[in-house]
Amino acid sequence: MSELATKYNPAEVEDKWYAYWMEHGLFHSEPDNREPFCIVIPPPNVTGVLHMGHMLNNTIQDILVRRARMQGKNALWVPGTDHAAISTEAKVVAKLAQEGIQKTDLTREEFLTHAWDWTHKYGGIILSQLRKLGASCDWERTAFTMDEIRSKSVMRVFCDLYNRGLIYRGVRMVNWDPKALTALSDEEVIYKEEQSKLFYLRYMVEGEEGKYIVVATTRPETILGDTAVCVNPNDERYSWLKGKRVIVPMVGRSVPIIMDDYVEMEFGTGCLKVTPAHDVNDYMLGDKYGLETIDIFNDNGTISEAGGMYVGMDRFDVRKQIMVDLENAGLVEKVEDYVNKVGHSERTDAVIEPKLSMQWFVKMQDLAIPALEAVETDYIKFVPAKYKNTYRYWMTNIKDWCISRQLWWGHQIPAWYLPTGGYVVAETEEEALLKAIEKTGNPELTLSDLKRDPDCLDTWFSSWLWPISLFNGILDPENKDFKYYYPSTDLVTGPDIIFFWVARMIIAGYAFCNDKPFSNVYFTGIVRDKIGRKMSKSLGNSPDPLELIDKFGADGVRMGIMLAAPAGHDIMYDDSLCEQGRNFCNKIWNAFRLVKGWQVDYEKPQPEASAKGIEWFEAEMNRTLIEVEDLMGKFRISEALMAIYKLFWDEFSSWYLEVIKPAYGSPIDGKTFDKTLHFFDTLLRLLHPFMPFITEELWQHLTDRNCGESIMTARLPKAESYDEEAIARFDYLKEVIAGIRTVRKQKQIPQKDSLELLVKGPHNGSLDSILEKMGNLSDILSIEEKPAAAASFIVASTEYSIPVASNINVEEELKKLNSDLEYHEKFLASVRKKLSNEKFVANAPEKVVALEKKKESDAIEKIAAVKAAIQALSQA
RNA sequence: GGGCGAUUAGCUCAGCUGGUUUAGAGCGUCUGCCUUACAAGCAGAGGGUCUGCGGUUCGAAUCCGUAAUCGCCCACCA
């Protein structure tokens, strides 16, 4: 067809089709009688931009949802974004700082106005980027973790858990982020190995002139908060210290020696300084021995008044300075290099400070029980299954969840403090006031007397409700959508958020709906560059997905990323994969151009070769359909795609189309043409979930469809049983044709010169019509003796030869035949060795023995054929 | 310190309950071809002692043990 360019141009078709799908509401789903299929998107950060991880993740989701839709299910993919408390607040604070505005200069309301402005400006960019990828999300259902329904759901759940006694408030040692100025959950702390120093400091013993003990520490600045030194009671080196006190260096404070077997005698000097305010273990010791707690840090990591010295200096500056001062005072024994793990904030990368503070917590232990069981019994299936281990370990060692954050951007904790002390928890201000009046017995109380807790909730405290709250299942559990779509079908996400999100969603599912939130969890790998480094902004090794789409087309990129994404592995991404995807698009495009360019003659009889080719391809296609169905069921998506790729490229394009291709200038018969269009249609449907744009474009050219129809909603081809014999026969044929091609190549005989094929040995002639066409043969003759001037090759035990004008290179041919002979003789020997082993024959299953016998007889026949060929050649 | 996973062709990976596997695929490499669908292509070819060692078995890439290397997760040794 002349109107089709020789190359596929994605830019011309992608936006057109996306608009078409949207215009006809093809992504939208409403409950009906069909089986539901539902995916909820892992909500990206509202102000984020698309990166390669999203590309992978969302391509997989789109493939799954498009496939389900084409299987006739009522498929829904719900999109949305996450308010991403800390990271969004940090971005807004940074933006304000650029304008010379400090967060502390603003009221909460003013700050939130800025934050919402920011959200409206940048929010949703990422969702529009997903459209470029072809994501078939139901945009009418787009949600945000801070929209009305989701926010009210969070309030409801908080109150519910509080009323069930599962939320409490208390002073605990928490992970403090001195940059974001908020507490973090344990999961938000990332431990990194760092090269640091171990400082050995002298603590003078009180009342023992000149005597001192040496304490090893990595954080000398914290001596300002030391309130004891601890040794192991079994440590004889220090038994003399019992009941004594030591003087904290520089500070001059006298602190007790305590004895506890928590201290490892082997580590450092066996003496541990105890700073209850700034170390989790020290806190535990302080608690146990009633030690004083001196909080020497301000929230931003500088030294507080309580530190007494270096007040206002940053903790890291103090570390340097105090060592200089200690050195000058002769209180440093030595300094050693030391590698230790330092906790960093996941969001800001600031070094975490353990800090004692008042926070809100969720009791997790009981909530975890049904959630653990669901995964253990595969009621919720994890793919790959190895993540069950990770999940089990975390769930059985689950800690209480610190949910309060000292932020403004997020869901404000629904607790109101009373003027008389104490607090009430309620979903709304009005309700809070009523409760407050009831609790205080003071009917005069007004809202202005109550002070709402200023803290916000952890972002994940809203995302853990996502599969429920998207359908308003918290506020209105009887609604139609929720009853129809919940539980959702598949969740596609990265293993890095298995604790943050996946585990907690499962917990929430059972805590609030008494059922799982989804049936399958597919964990993708992490996208890395081709030398295995994680993609990151700072390394600059992450390509811009939108540029890739520009360059290779959305379908090309989708294919590229899927080819690289075997189940359960990280993805070694390389642009060349997208190139391969683009090339495949081009292949499909050109195959289509070929077929659509044919003149059709419905009067013309169907050539036998075409009839046979159709018979074979039907079998081959069904074989692949079955394979693809099986692979997709196991989430082996890249393997399924590869199977389709090979079906289209190798079998359909390279074999089938060549078999049925009419001679140049002559028309194709109607019967074959119609069948070929049918095959093409089937292939396009099979490909559509992976490559939505090109398949829609070609489907439009292929079918006389009405406006509003789409391949998106066409039925996926159903796998049917197939004729294995037909495939085997064709495989044999391929070998014979390959033999002919090799001869042509070696003898430099052009394809257009027809040849005679001589056959010595058994030959099934049922596909000879194809053989003649593909080999350009004038005749196929059965012979007894191979003529001297003929080039030959052997398939199975049959020797095929082609008379050639030029002399054949006897030496060359002999060499090749002899090496063939050697190979088969060795093979035969190994088979015979097995068969002559009595134990093998006695113990192996009959089937296996029979198989070996078949191998033996095949090899014998083959060897005979090769020997005959050698002999014939030698006599020549 | 505990656990999990990996190690198969130059690269990325299949190979599920041991037996048509002296091991497959895609990409890359090499050799021919601008053959009127496609050079983003066509037709071919080469490439591996399945990380090492030991064991179980008639039979091991596959199961067991062990060592090495790499990766990931978890953990309160300052």
Side-chain angles (χ1 to χ4, degrees), chain A residues 1 4 6-8 173 191 198 215-219 222 230 262-264 266-275 279-284 338 340-341 354 384 386-387 389-390 393-394 397 495-496 498-499 526 530-532 552 556 563-574 576-577 579-598 634 636 638-639 642-643 645-646 653-654 657-658 661 664-665 738 741-742 744-746 748 750-752 823 826-827 829-831 834 837-845 847-852 854-855 858:
Chain A
M1 228 182 216
L4 296 178
T6 64
K7 288 189 166 54
Y8 169 60
M173 187 64 89
Y191 289 89
L198 194 54
V215 172
T217 179
T218 52
R219 302 198 55 192
T222 62
C230 187
Y262 163 75
V263 176
E264 299 277 336
E266 290 74 31
F267 188 88
T269 59
C271 292
L272 173 73
K273 63 191 266 318
V274 183
T275 320
D279 184 281
V280 193
N281 305 301
D282 292 11
Y283 177 68
M284 176 271 290
Y338 186 68
N340 70 339
K341 297 233 173 178
K386 65 177 176 187
Y387 290 111
N389 293 330
T390 312
Y393 186 83
W394 192 74
N397 293 283
D496 48 333
I498 186 166
F499 308 134
I526 291 164
K530 66 175 169 184
I531 55 173
F552 302 108
L563 282 177
H569 282 272
D570 282 356
I571 284 80
M572 301 295 174
Y573 173 82
D574 185 38
S576 69
L577 292 158
E579 225 168 274
Q580 198 185 340
R582 177 200 60 187
N583 294 354
F584 186 46
C585 288
N586 208 234
K587 186 71 189 179
I588 299 168
W589 183 259
N590 278 296
F592 188 78
R593 283 179 62 227
L594 172 69
V595 172
K596 280 305 246 189
W598 285 331
K634 297 171 183 160
R636 305 186 76 139
S638 53
E639 284 170 63
M642 183 49 70
Y645 174 84
K646 283 196 270 189
S653 298
S654 299
L657 289 179
E658 293 300 331
K661 195 189 231 173
Y664 181 67
R741 283 172 177 163
T742 304
R744 279 185 187 277
K745 190 180 170 184
Q746 281 169 352
Q748 292 178 302
Q751 175 68 18
K752 63 180 195 302
Y823 174 90
K826 270 191 185 164
F827 179 71
S830 84
V831 172
K834 252 190 208 179
N837 182 338
E838 277 170 39
K839 285 184 181 168
F840 170 73
V841 180
N843 293 324
K847 219 174 107 190
V848 174
V849 178
L851 215 67
E852 290 299 318
K854 173 90 168 53
K855 275 195 215 169
D858 283 355

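Any value given below was found using the heavy atoms of this structure, including those in side chains, with hydrogens, waters and symmetry copies removed. Only a predicted model underlies this, so the values are computations on that prediction, with no experimental measurement involved. A, B, ... follow the sequence lines: proteins, then strands. Residue 1 opens every chain.
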| Spacing of the C1' atoms in B:A40 and B:U69 (rounded, Å) | 39 Å
| Between A:H569 and B:G71, does any side-chain N or O lie under 4.0 Å from OP1 or OP2? | no
| message | Check the phosphate of B:U36 against A:R593, side-chain N and O only, distance under 4.0 Å to OP1 or OP2. Yes or no? | response | no
| said: Angle between ring planes, A:F499 versus A:W394, binned at 30° and 60°: parallel, tilted or perpendicular? | reply: parallel
| said: Need one value for A:A842: base, sugar-phosphate or nothing, where a base atom within 4.0 Å counts as base even if backbone is also close, heavy atoms only. | reply: nothing
| Would you say a side-chain N or O of A:K341 is under 4.0 Å from OP1 or OP2 of B:A75? | no
| request: Return yes if the base of B:C38 and the side-chain atoms of A:K587 contain a donor-acceptor N/O pair under 3.5 Å, otherwise no. | output: yes
| query | What about A:E658: does its side chain form a donor-acceptor pair under 3.5 Å with the base of B:A43? | reply | no
| request: Could you work out the separation of B:A9 and B:A23 based on their P atoms and round it to a whole Å? | output: 13 Å
| C1' spacing across the pair B:U20 / B:G15, given as an integer number of angstrom | 15 Å
| Looking only at atom P, what distance separates B:G2 and B:G19, rounded to whole Å? | 36 Å
| query | Hey, does A:Y338 reach any base, or is it just sugar-phosphate, or nothing, if we go heavy atoms under 4.0 Å? | reply | sugar-phosphate
| request: Give one of base, sugar-phosphate or nothing for A:K7, where a contact means two heavy atoms less than 4.0 Å apart. | output: base
| field | B:A78 to B:U62 separation - C1' atoms, rounded to the nearest Å | value | 47 Å
| message | Applying a 4.0 Å non-hydrogen cut-off, can you work out what A:A564 is touching in the nucleic acid: base, sugar-phosphate, or nothing? | response | nothing
| query | Which part of the nucleic acid, if any, lies within contact of A:S576, taking any heavy atom under 4.0 Å across all strands shown: a base, the sugar-phosphate backbone alone, or nothing? | reply | nothing
| task | Take atom NZ of A:K847 and atom P of B:G59, then tell me their distance rounded to the nearest Å. | result | 21 Å
| Within-4.5 Å side-chain heavy-atom neighbours: A:L198 and A:N340 | no
| With a non-hydrogen cut-off below 4.0 angstrom, is A:N837 in contact with a base, only sugar-phosphate, or nothing? | sugar-phosphate
| query | Stems in RNA chain B: runs of 3 or more consecutive Watson-Crick or G-U pairs, distances under 3.5 Å? | reply | B:1-7 with B:68-74, B:10-13 with B:24-27, B:29-33 with B:41-45, B:51-55 with B:63-67
| query | Hey, which of these two, A:L851 or A:I526, hits RNA chain B nearer its 5' end, going by closest nucleotide? | reply | A:L851
| message | By the 4.0 Å heavy-atom rule, please label A:Y823 as base, sugar-phosphate, or nothing. | response | base
| query | Within the structure shown, what part of the strands sits under 4.0 Å from A:P845 by heavy-atom distance: base, sugar-phosphate, or nothing? | reply | base
| message | By the definition side chain to side chain contact (heavy atoms under 4.5 Å, CB included), identify the one residue from A:T390, A:N389, A:N397 that meets it with A:Y393. | response | A:N397
| Nearest-Å distance once atom P is located in both B:C30 and B:G71 | 32 Å
| Heavy atoms under 4.0 Å, any strand shown: does A:K826 hit a base, just sugar-phosphate, or nothing? | base
| said: Quick check for you: among B:A37, B:C16, B:C76, whose closest atom lies nearest to any side-chain atom of A:A591? | reply: B:A37
| query | Does a side-chain N or O from A:K745 land closer than 4.0 Å to OP1 or OP2 of B:G32, or not? | reply | no
| request: Would you mind classifying the nucleic acid contact of A:E264 as base, sugar-phosphate or nothing, using non-hydrogen atoms under 4.0 angstrom? | output: base
| remark: Closest of B:C58, B:G26, B:C13 to the A:F840 side chain is B:C58
| message | Check the phosphate of B:G41 against A:N583, side-chain N and O only, distance under 4.0 Å to OP1 or OP2. Yes or no? | response | yes
| request: Could you measure between the two C1' atoms, the one in B:G48 and the one in B:G10, and give it in whole Å? | output: 11 Å
| query | Given the C1' atoms of B:A43 and B:C50, what is the spacing between them in whole Å? | reply | 31 Å
| request: Specify the separation, in whole Å, of atom CD of A:Q751 and atom C1' of B:C33. | output: 12 Å
| query | For A:T269 and A:A216, which heavy atoms make the closest approach, and how far apart are they? | reply | OG1-N, 4.1 Å
| request: Evaluate side-chain contact (heavy atoms from CB on, under 4.5 Å) for A:F840 paired with A:V848, printing each intermediate quantity in order. | output: CA-CA 10 Å; A:F840 170 73; A:V848 174; 4.0 Å; yes
| query | With a 4.0 Å cut-off on heavy atoms, is A:S830 in touch with a base, just the backbone sugar-phosphate, or nothing at all? | reply | nothing
| Nucleotide nearest A:Y262 when distance is taken to its side chain, options B:C76, B:A37, B:C16 | B:C76
| said: Under 4.0 Å, counting only non-hydrogen atoms across every strand here, what does A:Y393 touch: a base, just sugar-phosphate, or nothing? | reply: sugar-phosphate
| query | Has the side chain of A:R741 got a donor or acceptor that lies under 3.5 Å from a partner of the other kind on the base of B:A43? | reply | no
| task | May I ask you to say what A:K646 touches in the nucleic acid, namely base, sugar-phosphate or nothing, with a heavy-atom cut-off under 4.0 Å? | result | sugar-phosphate
| message | side-chain contact (heavy atoms from CB on, under 4.5 Å) for A:Y645 and A:L563? Distances and angles first, verdict last. | response | CA-CA 10 Å; A:Y645 174 84; A:L563 282 177; 5.7 Å; no
| said: So, OP1 or OP2 of B:C76: does either fall under 4.0 Å of a side-chain N or O from A:Y191? | reply: no
| Contact class for A:V841 vs. all strands (heavy atom < 4.0 Å): base, sugar-phosphate, or nothing? | nothing
| query | Nearest heavy-atom pair of A:K587 and A:S653: which atoms, and what distance? | reply | CE-CB, 3.6 Å
| If you take atom types as modelled and just measure distance, does the side chain of A:K752 reach the base of B:U35 with a donor-acceptor pair under 3.5 Å? | no
